[in-house]
Amino acid sequence: MLHITVLVPFLLALMIALLRGKLPGLHRGWLVFAGPLALFVYFLTRIPVIKGGDSGYDIISWIPSLGIDLVFHLDGLSLLFTLLITGMGTLVVLYSIYYLDKRKEELTPFYVYLLLFMGAMLGVVLSDNLMVLYGFWELTSVSSFLLIAFWHRRQKSRYGALKSMLITVFGGLAMFAGFLMLYVMTGTFSIREIWSQAESISGQALFIPAMLLILLGAFTKSAQFPFHIWLPDAMEAPTPVSAYLHSATMVKAGLYLVARFSPVFAGQYEWFWIVSGVGLITLIYGSIQAMKQTDLKALLAYSTISQLGLIMGLLGMGSAASFYTGEEAVFFTAATTAALFHLFNHAIFKGSLFMVVGIVDHETNTRDLRKLGGLVSLMPVTFTVALIGSFSMAGLPPFAGFLSKEMFFTAVLNIRELDFLSMQSLFTIVPVVAWIASIFTFAYSMIMVFHTFFGKYQPEKLDKKPHEAPFGLLLSPIVLALLAVVTGFFPNILSKTLIVPGMNAIHPQIAASSPFYVNIYFWHGFNTEVWMTLGVIILGVVVYRVYGRFSLVDREWGRGRGITLNQVYDGSIRLVERSSRSLTGLYMTGSMRHYLMYIFTLIIIIVGGTLLYTDGITLGQGEYAPISFFEVVAVLVMLTGALAIPFAKSRVSAILLTGMVGYMVTLLFVLFRAPDLALTQMIVEVVSVTLFLLCFRHLPRLGREKVKFRLKLPKLIISIGFGATMTMVALAALDSSPFESISSFYTENSYKLGGGKNIVNVLLVDFRGFDTMFEITVLGLASLAIYSMIKLKIEPDNKPAAVKSMFDDVKPRYSRSNDVLLQSVAKVAFVIIITFSLYLFFAGHNNPGGGFIGALMAAAALVLLAIAFGMDFVEKVLPVNYRILIAVGILMAFLTGIGSFIFDVPFLSQAFAYFELPVMGKTELTTAMLFDLGVYLSVIGVTMNIIFTIGRDD
Amino acid sequence: MELLIALAIGVLFTVGVYLVLSKSLLRILLGTTLITHGVHLLLLTMAGLKTGASPLLGENADSYVDPLPQALILTSIVISFGVSAFFIVLAYRAYRSAGMDDVEGSRGERE
């Protein structure tokens with residue numbers, strides 16, 4: 001079932017993508033809406049089960065050999081997150097329906113990305129397997145990237161998207177390394193199995209590095225100082241996205257990770273110090289930065305950073321419980337309670353505030369505090385929601401934020417009781433920092449709501465007249481505001497259903513000994529927390545007044561002073577780009593020859609080096625074939641021809657010398673008992689020469705390469721080195737046979753199983769028919785490529801004059817030859833060659849021959865005819881479209897292959913039988929013959945298509 | 001015999017690579033042809049030369065030469081025929097439309 005919940009958003013995304021362009025009247029959002037809603041309801045129904053102490057557990061085996069399975073696990077912590085993801089998801093989709101105009105925006109990609117994100121996020125919080133978790137984690141980064149860059153024409157959107165991607169993926173990779181270290185230590189990717197081994201691995205050398213790397217992942221994702229810089233730039237995303245990803249869900253994935261790994265790492269001093277320290281620094285830094293912002297969304301971004309820091313700090317302080325047992329442990333878990341409660345509250349009030357800002361933006365076309373003011377009478381409902389949201393954020397009663405802030409104060413006061421390392425005096429700083437940060441939080445919350453809705457209304461600065469938003473747009477923020485009020489009055493509906501199960505997941509050991517009992521009160525009497533809150537309100541009001549009195553909102557806040565983190569980021573990006581460009585420029589010269597030289601050199605070093613280093617060559621072990629004088633002559637002629645090619649002065653001699661080498665190779669094939677090869681090679685040589693001659697006149701003269709010897713030398717060295725390496729490979733292969741050869745199988749079974757005596761041919765059409773099928777397909781593609789290359793006329797702007805003049809004296813080519821002798825001979829030869837070709841085809845199964853050879857022979861006959869009578873004549877006599885012939889041939893081979901399915905045997909299984917035929921007597925018929933016929937036809941098609949295409953080109 | 005062929009393979013590869021590293025398309029084309037020949041002989045030599053009769057069961061011999069490399073080579077011959085045909089036409093077409101035979105001159109625009 002859990003797998004299905006993760007799958008639903010992805011399936012929905014697919015559906016939305018497929019419906020692109022359909023149902024134009026319907027806003028895409030309505031199609032999406034039901035998905036998260038259904039999931040939300042499902043997860044709500046799981047609450048009683050989880051509350052009862054059970055946890056859902058689903059497993060689908062994926063890569064068991066690597067220990068990677070799709071294990072999904074629903075416990076209290078996961079449940080809280082799944083509810084946030086699906087619940088906020090539902091509201092955000094609803095909001096987006098009214099926010100994004102279906103006529104102006106590309107809605108299909110928007111919802112596809114949003115659903116991808118939702119699915120990935122569910123995957124993150126449900127996965128028990130680290131590798132699966134990592135995969136979903138990166139997918140959230142990717143979908144966040146796509147959503148931030150949704151308005152991709154804006155430079156700032158792209159900048160923000162890239163920045164968030166680089167930072168979060170960097171953290172993700174670090175986390176991945178941390179996961180691998182955990183695997184090395186524990187031998188499992190399962191989080192729960194790692195929990196059980198936490199004690200035993202804590203002493204290992206990799207334990208602290210793994211912890212640091214995983215924290216790096218959490219901190220980058222949750223925008224903790226100093227990795228927070230991506231979050232303000234991510235505000236370029238459409239506001240529904242900011243509300244969803246960058247305040248309520250994705251940025252909380254880091255918190256989830258810390259909470260999830262608490263059972264492993266809590267109890268380490270490093271964990272306590274780093275998590276609480278970074279959290280508190282982020283808390284106060286974010287709250288001060290938020291004061292300086294003039295853009296409402298930027299203010300909310302810094303506020304989010306600050307609040308994430310608060311929760312992170314609480315999780316860190318909660319881990320202090322692991323240093324103790326019994327009552328004292330429970331005492332420190334108050335921080336964890338606060339963390340979970342505030343996690344929920346923050347999602348509620350920050351979501352509503354983002355939506356309010358979106359509405360203000362929507363109605364006034366600006367988010368600039370310096371232009372806004374006095375909107376209260378114009379937008380009373382929006383104002384009410386904003387008031388509830390910001391009062392909850394500021395921690396004022398009776399809203400939920402007040403309760404979690406009181407709990408936060410309790411937690412920081414508790415920390416003073418920590419008695420390790422005799423650092424009590426240091427711990428007194430913690431409440432002070434928390435208190436100061438709360439003052440700023442109060443102040444910016446007030447700035448946000450009062451500067452927008454009170455003060456002077458400045459219609460002249462707005463480019464449209466604002467009025468109250470439509471009901472649909474208001475619905476989601478109203479729901480959230482109501483939730484903030486309800487949880488403010490009845491906080492205990494959360495405590496047993498979500499918070500206690502969540503705490504059980506974070507502190508499994510403590511929960512096992514003393515079950516958690518959470519009861520949230522409004523009023524505890526006049527204790528320190530209440531005095532702290534009163535202080536926050538009084539000093540907060542003072543700060544707010546000062547802010548207004550000195551018009552701090554209009555001040556430019558120290559830009560360009562000192563080195564900011566953003567400058568460091570931009571600078572390092574530039575540095576990386578520049579240095580990688582110059583490094584690449586060193587070897588990526590754009591010259592094919594250089595690249596080939598790298599490749600050859602590497603082969604020489606790797607292959608040749610290995611052979612020399614491992615003494616791979618042992619000569620004189622095996623028995624060698626005797627040498628006859630005849631063979632030596634053939635080899636010498638071949639080598640002479642080859643060596644002469646580089647010195648050839650004209651095209652004709654170079655081509656003829658290559659042909660000479662080819663014929664000597666043919667001769668060697670004959671000598672080495674390879675009749676099929678010899679036949680094929682010979683005909684290929686003939687056809688190739690024809691091709692060469694057809695193109696010949698269009699090929700340039702072979703000028704001498706005017707290269708200095710200094711430049712020739714490396715070329716020479718590389719070629720000799722490569723040749724030597726290949727000789728070594730040949731020698732090494734001679735005397736080593738580590739495996740039993742599989743060839744004997746073919747020799748024994750060729751007749752038994754394939755019904756043919758020509759083993760090579762049976763191999764081609766039967767045993768390795770698959771190869772052959774692909775081979776003719778490749779050939780067909782090559783010939784079609786040639787066809788399109790010739791037919792595709794790209795008119796060059798400045799065709800060099802030299803080329804034209806070269807052809808001026810050339811007569812049209814397909815004028816028929818006037819050589820009567822040639823014509824008469826050709827007629828006779830044609831019949832003979834075609835007959836021979838058919839013979840080769842039929843003989844192929846038992847004697848040298850086969851489809852290839854036969855087809856090439858037939859093609860050669862056709863070429864001969866074309867030379868003698870002209871191409872027009874051949875086309876008139878044989879009106880065949882050779883391109884269709886290729887297709888027919890390949891199809892035939894393929895259908896023969898498929899035919900074997902009818903008999904329930906694997907693809908390309910051949911059958912054979914003997915028949916008494918009237919004229920031919922006892923004849924063997926095989927399906928392989930049909931296959932070979934396919935080969936035959938397609939090869940004729942390919943060859944003729946190539947030759948005729950070139951021949952016809954003028 | 002095998003040693004002689006091994007040496008011959010080395011020479012074929014040497015000349016082939018040398019030609020492939022030229023600027024002229026025609027030379028490159030001839031170079032690939034030579035390399036192909038080298039590969040074929042290499043495959044054949046690896047299996048041992050003249051260890052029996054031609055791989056035709058009709059010969060009724062006691063032993064046959066290894067048929068497997070021959071099947072591979074046959075495939076390779078045909079494929080390399082297709083490749084060289086393609087290559088010839090590419091050279092031809094490049095020269096006709098761009099008027100050059102120099103691979104160095106035909107690289108794409110650099111940024």
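Side-chain atoms are counted along with the backbone in the values below, which use heavy atoms only and exclude waters and symmetry mates. Here is how names work: the chains are called A, B, and so on, in the same order as the sequence lines, proteins then strands, and each is numbered from 1.
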Student: Using non-hydrogen atoms only, which part of Thr75(B) is less than 4.5 Å away from chain A: side chain, backbone, both, or neither?
Tutor: both
Student: Given Phe669(A) and Ile73(B), is the side-chain contact (heavy atoms from CB on, under 4.5 Å) satisfied, shown in steps?
Tutor: CA-CA 11 Å; Phe669(A) 284 153; Ile73(B) 295 170; 4.1 Å; yes
Student: Can you check whether Phe81(B) reaches Leu691(A) side chain to side chain, under 4.5 Å on heavy atoms?
Tutor: yes
Student: What's the verdict on side-chain contact (heavy atoms from CB on, under 4.5 Å) for Met46(B) and Val729(A), showing C-alpha distance, side-chain angles and the deciding distance?
Tutor: CA-CA 9 Å; Met46(B) 277 178 168; Val729(A) 169; 3.9 Å; yes
Student: Ile720(A) versus chain B, heavy atoms under 4.5 Å apart: side chain, backbone, both or neither?
Tutor: both
Student: Can you tell me which portion of Leu68(B) sits under 4.5 Å from chain A's heavy atoms? Options are side chain, backbone, both or neither.
Tutor: both
Student: Flag the one option from Pro675(A), Gly850(A), Ser783(A) with the top tally of heavy-atom pairs under 4.5 Å to chain B.
Tutor: Pro675(A)
Student: Any side-chain heavy atom of Leu12(B) sitting closer than 4.5 Å to one from Met638(A)?
Tutor: yes
Student: Checking heavy atoms, do the side chain of Phe672(A), its backbone, both or neither come under 4.5 Å from chain B?
Tutor: both
Student: Tell me, side chain or backbone of Leu74(B) under 4.5 Å from chain A's heavy atoms, or both, or neither?
Tutor: both
Student: At a heavy-atom separation under 4.5 Å, does Val15(B) approach chain A through its side chain, its backbone, both, or neither?
Tutor: side chain
Student: Under 4.5 Å from any heavy atom of chain A, what part of Val39(B) do you find: side chain, backbone, both or neither?
Tutor: neither
Student: Given that the side chain runs from C-beta out, which part of Leu763(A) has a heavy atom under 4.5 Å from chain B: side chain, backbone, both or neither?
Tutor: side chain
Student: What I'd like to find out is whether the side chain of His37(B) reaches to under 4.5 Å of the side chain of Met664(A), using heavy atoms alone.
Tutor: no
Student: Distance from Asp771(A) atom CG to Ser76(B) atom OG, nearest 0.5 Å?
Tutor: 12.0 Å
Student: With a 4.5 angstrom heavy-atom cut-off, is it the side chain or the backbone of Val65(B) that approaches chain A, or both, or neither?
Tutor: side chain
Student: What part of Leu42(B) is in contact with chain A, defined as an atom under 4.5 angstrom from a non-hydrogen atom: side chain, backbone, both or neither?
Tutor: side chain
Student: Under 4.5 Å between any side-chain heavy atoms of Phe13(B) and Thr725(A), yes or no?
Tutor: no
Student: With only heavy atoms counted, which part of Val942(A) is less than 4.5 Å from chain B, the side chain, the backbone, both or neither?
Tutor: neither
Student: With a 4.5 angstrom heavy-atom cut-off, is it the side chain or the backbone of Leu671(A) that approaches chain B, or both, or neither?
Tutor: backbone
Student: Please classify the contact between Ile946(A) and chain B as side chain, backbone, both or neither, with a heavy-atom cut-off of under 4.5 Å.
Tutor: side chain
Student: Does any backbone or side-chain atom of Ile5(B) lie under 4.5 Å from a heavy atom of chain A? Answer side chain, backbone, both or neither.
Tutor: side chain
